[in-house]
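Below you'll find the structure, written out as structure tokens, and then a few comments.
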Amino acid sequence: MNWDVQSQTVLSDLEVESEENAQGELFDFAYPVEGGGEIVVSTTRPETMLGDTAIAVHPDDPRYMHLHGKHALHPFVDRKVKIITDAVLVDPKFGTGAVKVTPAHDWNDFATGKRHKLEEINILRKDGTLNENAGPFQGQDRFAARKAVKAKLEELGLARGSKVHALTLPRSQRSGTVVEPIISTQWYVRMKPLAEPAIAAVEQGKTTIVPEHWNKTYFHWMRDIQDWCISRQLWWGHPIPAWYCNACEHTHVAQQAPSKCDKCGGALRQDEDVLDTWFSSALWPFSTLGWPDKTPDLARFYPTDDLETGYDILFFWVARMMMMGIHFMGEVPFRRVLLSGLVTDERGDKMSKVKGNVIDPLDVIQGATLDDLLAKAKNNGAKDSGLDYLRKTYPEGFAAYGADAMRFTLLSYSPQTTKIALSIKRIEGYRNFANKLWNAARYVLMNLEGSGVQATQVRPDAHCFANRFILSRLATTILTVHLSIDEYRLDEASLALYHFVWQDFCDWYLELSKALLQSGDSAIVAETRAVLMHVLETSLRLLHPMMPFITEEIWQRIAKTEALQRTIMLAPYPEGGRDGLTDETVEREMAVLQAVIVATRAIRSERDIHPRLTLPLTLRCDDVPLRALVTREQEAIASLCKATVSVEALAGSAPVDNSATSVTEGVTLVVPLAGLVDDGKERERVERQLQKLEKDLQAIDKKLGNAGFVDRAPAEVVHKERERKAELEHSCVQLREALTKLKAT
RNA sequence: AGGCGCGUAGCUCAGUGGGAGAGCACUACCUUGACACGGUAGGGGUCGGCGGUUCAAUCCCGCCCGCGCCUACCA
């Protein structure tokens, strides 16, 4: 058994954690051999020598041939220690090649003891002090006894030196103390028969683990499974259903307490121990639903669809629920297991009360001062270093970021990451997102005031470019969200919504809508209002599972038709269908307009032209559909660039003195700026743009000059490269012309 | 020791066999009637290293280096 002397309970293998590379000491000492001579053994736990009942050597080791079958004399207790040969336990190359054997306090020695029928002498009491078998060391704590034993061996001249030794220390997950192997009688569950069907269930796809790569870990553990010690010496838990006869010690195991001993009729006492909490937890999928009664709940919810949890309890809980579920219910408890990463602190360290780095979600949601954080950590037993970490990392404590930001942040991490290093900065970013959504809603509601427009959850028809654009982007987003959710990629779904709301809706559409709302054309205004309402309302429904509070709050403020539900919680989640209608043409056209607008703003920014000044912008283009597009949407461009826009053909157009030029998407932008022009700066800007394009062009030329590429790559790939080349060449020509012009002036 | 996974911008991380991305941080300008928890424009990466497959590799394969986790062992 693994014994935790602090909690004074048995632990299962899974509850023992390894401390790697602990600094230990390998201590050598000599046992005097009966009839003369000595044999030197090594140990990292000198106190265990009090329980030694043998010394093992390798049967073929020539150094010890003469000692086979002899006895050593124990220096502290009246005991002869047999010298045995054992090829399993002993590695003749390690240390002295002679191993002290303590069957009662070491896993390997226990097995050796069984092979050689050695006496098992327990030297430990439950609290970690030594018992009466320890002779003169009785009553000492295990670590004090270690020192005392060493000192006494030195005194007797039996110490043979020591060296530092790195070892892995088994520590209790519960208390952190070093775990002691002891011999004790406890209840175990034989795991092989339970594991086999649980392995088969995953192999046959009855239960799927997501992400899939955890299958390997699951199988690896299940196939190499150890029996499970389920007794715990704790006051909290399910009592073990075992009864012992006071008279004859016969053991009874039953669902109902037996009244007297089956064998002798004597009085019974129940086992004082309780079941491992994980044993009880393993029953959770059905024990919570009324099992063993066949309740309607059990029929309805067993098996369930999805279980979501951290990968760190795949064995503790998931695997055991699988085994118990299959055993007791005859069926797997869930169809899918979704494993997420472990939430850690910002450094990536596992949260622990002792380290003081446990982040209480409520503090993040409601806000907390540094003092609040320190008080809570201290109360949970944090060490000073942990408190220092808090002081250093959160000098201002937490602002109140809200439950929506917290939830959205957790959703934004990829499911395949093993570590979720919860960053306050990231939470703050999503808090800002919630604020952005709130302000966008304010804008929409403000512009709908008194209009009588109601949310209908029916996609309005739209003719205006901007309205068609946002409806198409909404449709694309709905499709992306559905695809992502179907693949359990909530990170992708949340990212798609974040980008849609912030970029498409706020940065582009709301800005475009301003011109439409002020157009004075009542048909356009009505259409725009309907679209604003529809997109906002649909976005809220899309976001609701990820940001339940703010979406409900806004939704309640929206005017709605009678037919709609009272709460967004009951509103249908947006589906493809009519709302999933994307419009590739409008999205492609928008890409052109966006490029033109961004290029114009870049000119403004590079030239330090104040945002309040209106730019005179001329767009030149020979491509007829393209020119038609920018002509049709010149008011939109004007609005977003704060410019007056004119459009003309490129061919035959007159050069403009003192102007800034840019080329994008086949459109040449000219901004005449008499009096404001700094030719040097402009030349730099154009040269930089030209250089970039020429570099791209070079790469494409190299590719197209490669016969292997042209011959063997798919035709559409080659075609695409040729198109790009033409486009780049055109742009370069325009820029070179602009450069010549600048140099000439 | 065995198994699994990871090395991509200063940080945290997405991603793909054919033009390197996001958020934060950073720089400049801007308090414009939704929003400064904001807007606009920028800078920043030999995609860990070396080979191989391929017309083409950040992506596929092999080896190496570094890191993390799990399992086992450690007198």
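Note that the coordinates shown come from a computational prediction; the quantities given were computed from them, not determined experimentally.
Going from the P atom of B:A1 to that of B:C64 covers 12 Å, rounded to whole Å. Comparing the P positions of B:C6 and B:G15 gives a spacing of 10 Å, expressed to the nearest Å. The gap from the P atom of B:A56 to that of B:G43 amounts to 32 Å, rounded to the nearest Å. A gap of 14 Å separates the P atoms of B:C13 and B:G68, to the nearest Å. As rounded to the nearest Å, B:G45 and B:C11 have C1' atoms that lie 14 Å from one another. B:G42 sits 15 Å from B:A25 when the C1' atoms are compared, rounded to a whole Å. Of the P atoms belonging to B:C24 and B:G5, the separation is 32 Å, rounded to the nearest Å. Taking atom P on both nucleotides, B:C50 is separated from B:A57 by 14 Å, rounded to a whole Å.
Counting any heavy atom pair closer than 4.0 Å across all strands shown, A:Val598 reaches sugar-phosphate atoms only and no base atom. Using a 4.0 Å heavy-atom cutoff across all strands shown, A:Lys703 reaches sugar-phosphate atoms only and no base atom. Among the protein residues, A:Thr44 comes within range of the sugar-phosphate backbone only, with heavy atoms under 4.0 Å from sugar or phosphate atoms but none that close to a base. When heavy atoms are screened at a 4.0 angstrom cut-off, A:Glu346 is found touching no nucleic acid atom at all. In this structure, A:Leu26 reaches the sugar-phosphate backbone alone: every heavy-atom distance under 4.0 Å involves primed, P, OP1 or OP2 atoms, never a base. A:Lys514 comes within contact range of at least one nucleobase, with a heavy-atom separation under 4.0 Å. Contact annotation for A:Leu437: no contact, since no heavy-atom pair falls under 4.0 Å across all strands. No contact: A:Asp696 has no heavy atom under 4.0 Å from any strand.
Within the shown strands, B:A1 is the pairing partner of B:U71 under the Watson-Crick or G-U definition, both distances less than 3.5 Å. Base pairing annotation: B:C55 forms a Watson-Crick or G-U wobble pair with B:G18, both donor-acceptor distances under 3.5 Å. Pairing of B:A41, defined by two Watson-Crick or G-U wobble distances under 3.5 Å, is identified with B:U27. Summarising the base pairing, B:C6 is matched to B:G66 through a Watson-Crick or G-U wobble pair whose two defining distances lie under 3.5 Å. Under the Watson-Crick or G-U wobble criterion, with both distances below 3.5 Å, B:C35 has no partner in any strand shown.
Side chain of A:Glu15 to backbone of A:Ser12: a donor-acceptor contact under 3.5 angstrom is found. Panel note: side chain A:Asp227, backbone A:Met191; a donor-acceptor pair is recorded below 3.5 Å.
The phosphate of B:G19 (OP1 or OP2) has no side-chain N or O of A:Arg722 nearer than 4.0 angstrom. A:Lys350 has no side-chain polar atom (N or O) that falls below the 4.0 Å cut-off from OP1 or OP2 of B:G68. At B:G39, one or more side-chain N or O atoms of A:Trp502 fall inside 4.0 Å of OP1 or OP2 (strictly under the cut-off). A:Arg612 has a side-chain polar atom (N or O) that falls below the 4.0 Å cut-off from OP1 or OP2 of B:U31. Look at A:Arg601 and you'll find a side-chain N or O under 4.0 angstrom from OP1 or OP2 of B:A41.
You'll find that the side chain of A:Arg489 is closest to B:A14, out of B:A14, B:C35, B:U54. Listed nucleotides B:C30, B:A14, B:U54 differ in distance to A:Ser414; the shortest reach to its side chain belongs to B:A14. Considering only the side chain of A:Lys216, B:C4 comes nearest among B:C4, B:C30, B:G18. For A:Glu511, the listed nucleotide lying nearest its side chain is B:A34; candidates were B:A34, B:G19, B:C30. Nearest nucleotide to the side chain of A:Phe709, out of B:G38, B:C55, B:U32: B:C55. Side-chain proximity of A:Thr168 to B:C73, B:U71, B:G23: nearest is B:C73. When each of B:G15, B:A75, B:C13 is scored by its nearest atom to the side-chain atoms of A:Thr417, the top-ranked nucleotide is B:C13. Of all nucleotides listed (B:U71, B:C55, B:C37), B:C37 comes nearest to the side chain of A:Arg431. You'll find that the side chain of A:Ala440 is closest to B:A34, out of B:A75, B:U31, B:A34. Distances were taken from every side-chain heavy atom of A:Asp507 (C-beta onward) to each of B:G38, B:A41, B:G39; the shortest belongs to B:G39.
The neighbour count for A:Lys514 NZ, taken as heavy atoms of other residues, nucleotides or ligands under 6.0 Å away, is above 12.
The separation between A:Leu532 atom CG and B:A34 atom C1' is 11 Å, rounded to whole Å. One can place CD1 of A:Ile420 at 20 Å from P of B:G23, the figure rounded to the nearest angstrom. If you measure from atom OH of A:Tyr443 to atom P of B:G39, you get 15 Å, rounded to the nearest angstrom. Rounded to an integer number of Å, the gap from A:Lys702 NZ to B:G18 C1' is 14 Å. Rounded to whole angstrom, the span from the CZ atom of A:Arg604 across to the C1' atom of B:G39 amounts to 13 Å. When the C1' atom of B:G33 is taken as reference, atom CD of A:Glu449 falls 13 Å away, rounded to whole Å. Regarding A:Asn435, its CG atom lies at a distance of 7 Å from the C1' atom of B:C35, rounded to whole Å. The nearest whole Å value for the distance from the OH atom in A:Tyr430 to the P atom in B:C13 is 13 Å.
Using cut-offs of 30° and 60° for the angle between ring planes, the A:Phe94 and A:His165 rings count as perpendicular. By the 30° and 60° cut-offs, the orientation of the rings of A:Tyr430 relative to A:Tyr498 is perpendicular. Relative orientation of the A:Trp278 and A:Trp317 rings is tilted, given thresholds of 30° and 60° on the angle between their planes. Ring pair A:Tyr394/A:Phe398 is perpendicular by interplanar angle, where above 60° counts as perpendicular and below 30° as parallel.
A cation-pi arrangement, defined by a distance under 6.0 Å to the six-membered ring centre and an angle within 45 degrees of its axis, is absent between A:Lys100 and A:Tyr31.
RNA chain B is contacted by both A:Cys506 and A:Lys419; A:Lys419 maps to the nucleotide lying nearer its 5′ end (nearest heavy atom per residue). Place A:Val717 and A:Trp508 on RNA chain B by their nearest nucleotides, and A:Val717 ends up nearer the 5' end.
Applying the 3.5 Å distance criterion, the base of B:G23 shares no donor-acceptor pair with the side chain of A:Arg426.
A salt bridge does not link A:Glu47 with A:Lys150: every distance from a Lys NZ or Arg NE/NH1/NH2 to an Asp or Glu carboxylate oxygen is 4.0 Å or more.
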Discussion item. As a quick check of understanding, evaluate side-chain hydrogen bond (donor to acceptor under 3.5 Å, both in side chains) for A:Trp555 and A:Glu537, giving each step before the final call.
Written reply: CA-CA 7 Å; A:Trp555 201 78; A:Glu537 197 275 339; 2.8 Å; yes

